[in-house]
Amino acid sequence: MNGKFPHDFLWGGAVAANQVEGAYLTDGKGLSTSDLQPQGIFGAITPRHEGDSGIKDLAIDFYHRYPQDIALFAEMGFKCLRTSIAWARIFPQGDEETPNEAGLAFYDRLFDEMAKYGIQPLITLSHYEMPYGLTQKYGGWGSRATIGFFERYARTVFERYKHKVKHWLTFNEINMSLHAPFTGVGLPADSDKSAIYQAIHHQLVASARAVKACHEIVPQGKIGNMLLGGILYPLSCKPEDLLETQRQNRDWLFFGDVQARGYYPAYMQRFFRENGIQVAITEEDRQTLRETIDFISFSYYMSGCATADPEQYETARGNILDMVPNPHLASSEWGWQIDPIGLRYLLNVLYDRYQKPLFIVENGLGAKDRVEADGSINDDYRINYLNDHLVQVAEAIDDGVEVMGYTSWGPIDLVSASKAEMSKRYGFIYVDRDDAGNGSLERRRKNSFYWYRDVIHSNGNSLKQKG
Ligand code: BG6
């Protein structure tokens, strides 16, 4: 691996406010949509009653324990930490005129703590949550009014943190709204396609407005989008399978196309027409969309296959999206197919398509860990997964792809997004808490902690290319 990673490569980890912070009503925070999903992003919307609690209400108590956690990240040599701002800490209902000072002050403290160790923040404006008030009063992203509320929020945090945060992302996995509408755009799960695409359109316009605001307000600021990189291969080389694969890949590449190129791709016209989808797009919206992102960021956990044969989809259950399993790949305990080469392929696909710098802002293995009698945690499976993916990142860099950095998902164990489990662990740092919420919340270094520290210290040279 010698010398493949650039000297300023941003090594680090990624978390999200609603999966680590807890303190769900502290210091004036309002309820967020995530607080209404105690079973995770695909779970039912559950009204809150006084006294009830969900695992995310405390999560791993990062809100109070962040100094200790940042010190552990620094010990591994992190150059960068990706997290999100909980919008409902800043605008508790979403439509206030003025922000909540206590919420703003929390992120000042957090960014100052990171600065002590030279850790650069990479901040997502909206990671799978928005103020619940906006969904109740306005129907979430279904309403144009939400664009203005989001822009106010974005301008507020850009102004406040412009000297502390240089790297920003707009919406986490923006393409997930197609699969989890409440999580992505605050719409009920049974919303029709026109409503979902209209809400997505509003979000794309809001994203472009945030890009413009960032460019105006943050000196040397860079802002990217964030895609779920769900790359699909054709299940066979039948031309029908190839076409179907292209069609399905465009379902998610569409978002990147709009955000990176500044306009709706031609293929969407036919898609909208054939599916009876009506989206109101004004001339002003078209102008706004022309403000494009500076870099592309994405998550990558697995690849999948697509086929024109509908019967094959029956076997696909278990993966996060409707992907047909690849017979050549093994799966994680949660059925996510492990494909390091797919990461090299995806990096090349995105760079060929956009010619913009790429940032891998999520990648990792969710697994059950065991604490041994002597307190150690031997997570060689996680080390192997990450090593093999990073080897492929190095190959992509050698292919000529411009990669800004890599933040592995969940450097510290956190509440999983899909099912709100603690037992699906991604961390280099173990957190003593189980799915029922029992545990001391004590932090403990896993074997992978020392492994990742060596990777960062050697700038990737300690990675092992296997036979
Ligand atoms: C991504 C999300 O989908 O995948 C994260 O951006 C999430 O929020 C991660 O945690 C892993 O998914 P899960 O369900 O294993 O937590």
Side-chain angles (χ1 to χ4, degrees), residues 12-22 32-35 37-43 54-56 59-60 62 81-87 122-130 169-185 203 224-231 252 255 296-304 318-323 331-338 343 346 359-369 379 381-382 385-386 389 406-428 431 433 435:
V15 300
N18 72 82
Q19 293 171 262
V20 293
E21 286 178 2
S32 83
T33 46
S34 168
D35 297 322
Q37 295 176 297
Q39 306 304 326
I41 59 174
F42 301 106
I55 191 106
K56 287 185 275 182
I60 61 162
F62 184 74
L81 177 67
R82 173 181 177 227
T83 187
S84 61
I85 295 177
W87 183 356
L122 167 63
I123 300 302
T124 316
L125 290 168
S126 176
H127 189 123
Y128 282 173
E129 60 176 335
M130 67 190 300
L169 303 175
T170 56
F171 295 94
N172 183 63
E173 294 190 338
I174 188 166
N175 45 315
M176 268 298 275
S177 301
L178 297 174
H179 312 279
F182 184 69
T183 301
V185 283
Q203 205 169 59
N225 64 342
M226 197 315 198
L227 301 168
L228 187 166
I231 193 83
W252 65 271
F255 295 83
I296 312 279
S297 89
F298 64 92
S299 62
Y300 178 78
Y301 294 91
M302 62 192 156
S303 62
N319 272 0
I320 192 168
L321 306 177
D322 290 337
M323 292 168 156
S331 297
S332 78
E333 291 171 84
W334 272 263
W336 294 18
Q337 290 205 292
I338 302 171
L343 178 53
L346 176 59
F359 205 141
I360 304 150
V361 297
E362 285 188 32
N363 172 238
L365 179 71
K368 290 190 174 133
D369 292 331
D379 56 343
Y381 37 89
R382 183 167 295 110
Y385 178 101
L386 294 169
H389 282 76
Y406 174 92
T407 53
S408 73
W409 178 251
I412 183 165
D413 293 344
L414 39 67
V415 182
S416 82
S418 41
K419 297 217 179 97
E421 295 162 304
M422 272 304 300
S423 53
K424 190 179 188 186
R425 298 175 181 275
Y426 287 87
F428 304 117
V431 176
R433 195 165 195 226
D435 290 342

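This chain uses plain numbering: 1 for the first residue, then up along the sequence. Every number for a ligand or one of its atoms is a count from 1 in the order of the listing.
Side chains of Arg82 and Phe359 form no contact here, defined as non-hydrogen atoms less than 4.5 Å apart. Considering only heavy atoms from C-beta on, Ile60 stays 4.5 Å or farther from Arg433 through its side chain. Residues Thr33 and Thr183 have side chains not in contact (no heavy-atom distance under 4.5 Å, counting atoms from C-beta outward). Here the side chains of Ile412 and Val431 are in contact, with some heavy-atom distance below 4.5 Å. No side-chain heavy atom of Ile231 sits under 4.5 Å from any side-chain heavy atom of Phe298.
Interface atoms of ligand 1 facing Glu362, defined by a heavy-atom separation under 4.0 Å, are 1 (C), 2 (C), 4 (O), 5 (C), 6 (O), 9 (C). Atoms of ligand 1 found under 4.0 Å from any heavy atom of Ser416, numbered from 1 in the order shown, are 13 (P), 16 (O). Counting atoms of ligand 1 from 1 in the listed order, those under 4.0 Å from a heavy atom of Lys424 are 13 (P), 14 (O), 15 (O).
Ring planes of Tyr300 and His389: tilted class, angle from 30 to 60°.
Taking a cutoff of 4.0 Å between a charged side-chain nitrogen and a carboxylate oxygen, Arg425 and Asp379 do not qualify as a salt bridge.
Residue-to-ligand polar distances keep Trp336 apart from ligand 1: every N/O pair is separated by 3.5 Å or more. At a 3.5 angstrom cut-off on N or O pairs, Lys419 does not count as close to ligand 1. In terms of polar-atom proximity, defined here as any N/O pair under 3.5 Å, Met226 makes no such contact with ligand 1.
Of all the heavy atoms of Trp334, none lies under 4.0 Å from any atom of ligand 1, so neither backbone nor side chain is involved. Using a 4.0 Å cut-off between heavy atoms, Asn172 contacts ligand 1 through its side chain alone, with no backbone atom that close. Here Ser418 has heavy atoms under 4.0 Å from ligand 1 in both its backbone and its side chain. Heavy atoms of Met176 found under 4.0 angstrom from ligand 1: none, in either backbone or side chain.
The shortest separation from a heavy atom of His127 to ligand 1 is under 4.0 Å, placing the residue in contact. Residue Tyr426 places a heavy atom less than 4.0 Å from ligand 1.
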Can you list the steps and then say if Glu421 with Trp334 is a side-chain hydrogen bond (donor to acceptor under 3.5 Å, both in side chains)?
CA-CA 12 Å; Glu421 295 162 304; Trp334 272 263; 3.2 Å; yes
